[in-house]
Amino acid sequence: MILSERLEAVIGMVPYGSAVFDVGCDHGFVPIELVRRGISPCCVASDVREGPLRKAKEHICEYGLSQRIAAVLADGVPKDLSGLRNLLCMERETQLTLITAGMGGLLMQSILENAEERLSEFAWCILSPQRNPESVRKTLRKLGFCITDERMVLEDGKYYPVIKAGRADQGEEGAVFAADDELLSECCDRYGPLLLERRDGILLSYLMKEKKELVKISSEMLKSTHGGDAFRNVEERIRLCKKALEIMEVPDENFG
Ligand code: SAM
């Protein structure tokens, strides 16, 4: 099965041997590929809508994986984790990984928060938000996870962050946030602490594009004497973008 680069990046972060819960599985291709490639012994594919779940079940059947992938209708993280463990005959020591990809960051935030008491069951979370990645990073931190890996994928002209987080209380060492520097920590939440630290080339092209667009919007707003919250919001985003370029040691004059 040929997957998009975005989904390959998600799959590439799954720790070998962990069982995956793919929340918002839609077509079900991620769990199918994880089991086919021998990365996961078994998976749960869940979705809140019956249509996508039906498609996922059909695909799982086509690949003969119904014994190893449970398809579950659920809003957010399924509630009966131990029932699903039993259903899939998971070994007691099998670690769980939660995946959510291809939805907005605010929806992911509510999925994570609504599952707060079950999240301690997951050793890893892999998330690829399509908007508002800052909400995802802040929520992961609040819920006791630390960011251990990040990628930025550019596909068909769109940029997708992929974030991997591990449980801070299980000795995972993640990205360090400078909590005392508000602008720096806002910047890390929006663009990714590890992507910034690694001076990721795809993040850099995203920042250059974003800065150009924001500067254009800002000057058009000034011309039309458009002020207020919308203008302040654009100026704040320019400030964050410039800070990110500064962290990546890109001279400002190069990208005015
Ligand atoms: N994860 C796949 C990917 O990245 O290609 C599919 C993304 S698809 C755009 C988003 C899926 O999330 C849809 O199938 C939708 O029904 C599902 N979804 C939205 N809200 C959800 C929720 N609260 N719980 C579970 N699934 C949800």
Side-chain angles (χ1 to χ4, degrees), residues 1-15 18-37 39-40 42-63 65 68-81 83-84 87-88 96-119 121-122 124-133 135-137 139-140 143 149-165 192 202 206:
M1 182 185 293
I2 297 175
L3 293 181
S4 64
E5 208 183 324
R6 173 181 66 88
L7 291 180
E8 283 294 346
V10 168
I11 282 186
M13 285 189 183
V14 175
S18 76
V20 164
F21 280 58
D22 183 16
V23 172
C25 66
D26 197 357
H27 33 65
F29 294 153
V30 165
I32 290 171
E33 274 307 288
L34 283 168
V35 175
R36 283 187 70 209
R37 294 181 195 185
I39 298 169
S40 295
C42 53
C43 292
V44 173
S46 74
D47 205 285
V48 72
R49 292 187 300 136
E50 291 196 10
L53 197 71
R54 201 174 317 115
K55 271 268 158 259
K57 277 184 186 162
E58 281 169 21
H59 292 141
I60 293 165
C61 255
E62 265 169 43
Y63 283 89
L65 294 174
R68 296 178 61 192
I69 304 175
V72 178
L73 190 67
D75 184 355
V77 180
K79 294 208 164 55
D80 186 11
L81 297 191
L84 287 164
L87 178 73
L88 290 163
L96 302 185
T97 296
L98 175 68
I99 289 180
T100 62
M103 46 181 108
L106 297 176
L107 177 55
M108 287 185 184
Q109 176 180 349
S110 74
I111 287 175
L112 291 171
E113 285 175 347
N114 290 338
E116 183 167 359
E117 74 288 2
R118 298 192 292 295
L119 279 189
E121 303 271 334
F122 290 88
W124 307 96
C125 289
I126 299 168
L127 304 117
S128 180
Q130 298 201 320
R131 290 169 297 284
N132 301 107
S135 319
V136 172
R137 293 191 178 96
T139 307
L140 284 170
L143 297 176
D149 198 7
E150 286 181 313
R151 271 197 64 191
M152 187 87 160
V153 175
L154 172 59
E155 191 169 56
D156 300 330
K158 288 196 184 141
Y159 292 86
Y160 303 98
V162 183
I163 303 162
K164 178 177 179 180
I202 299 179
Y206 173 79

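From a predicted model like this one, the values you see are computed outputs, not experimental measurements. One-based numbering, in listed order, for ligands and for the atoms of each.
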Rounded distance [0.5 Å steps], CD1 in I32 versus CZ in R68: 12.5 Å
List by chain and number: which residues place a heavy atom under 4.0 Å from ligand 1? R6, L7, V23, G24, D26, H27, D47, V48, R49, P52, A74, D75, G76, A101, G102, M103, L107, I111
Any donor-acceptor pair under 3.5 Å from H59 side chain to F29 backbone: no
Nearest 0.5 Å please: distance from the CE atom of M108 over to the OG1 atom of T100. 3.5 Å
Does a side-chain N-to-carboxylate-O contact under 4.0 Å join R37 and E8? yes
With side-chain contact (heavy atoms from CB on, under 4.5 Å) as the test, would you mind laying out the steps for I111 and L107 before giving the verdict? CA-CA 6 Å; I111 287 175; L107 177 55; 4.2 Å; yes
Test applied, side chain to side chain contact (heavy atoms under 4.5 Å, CB included); reference residue, L98; option that passes from L127, V44, I126, L112: L112
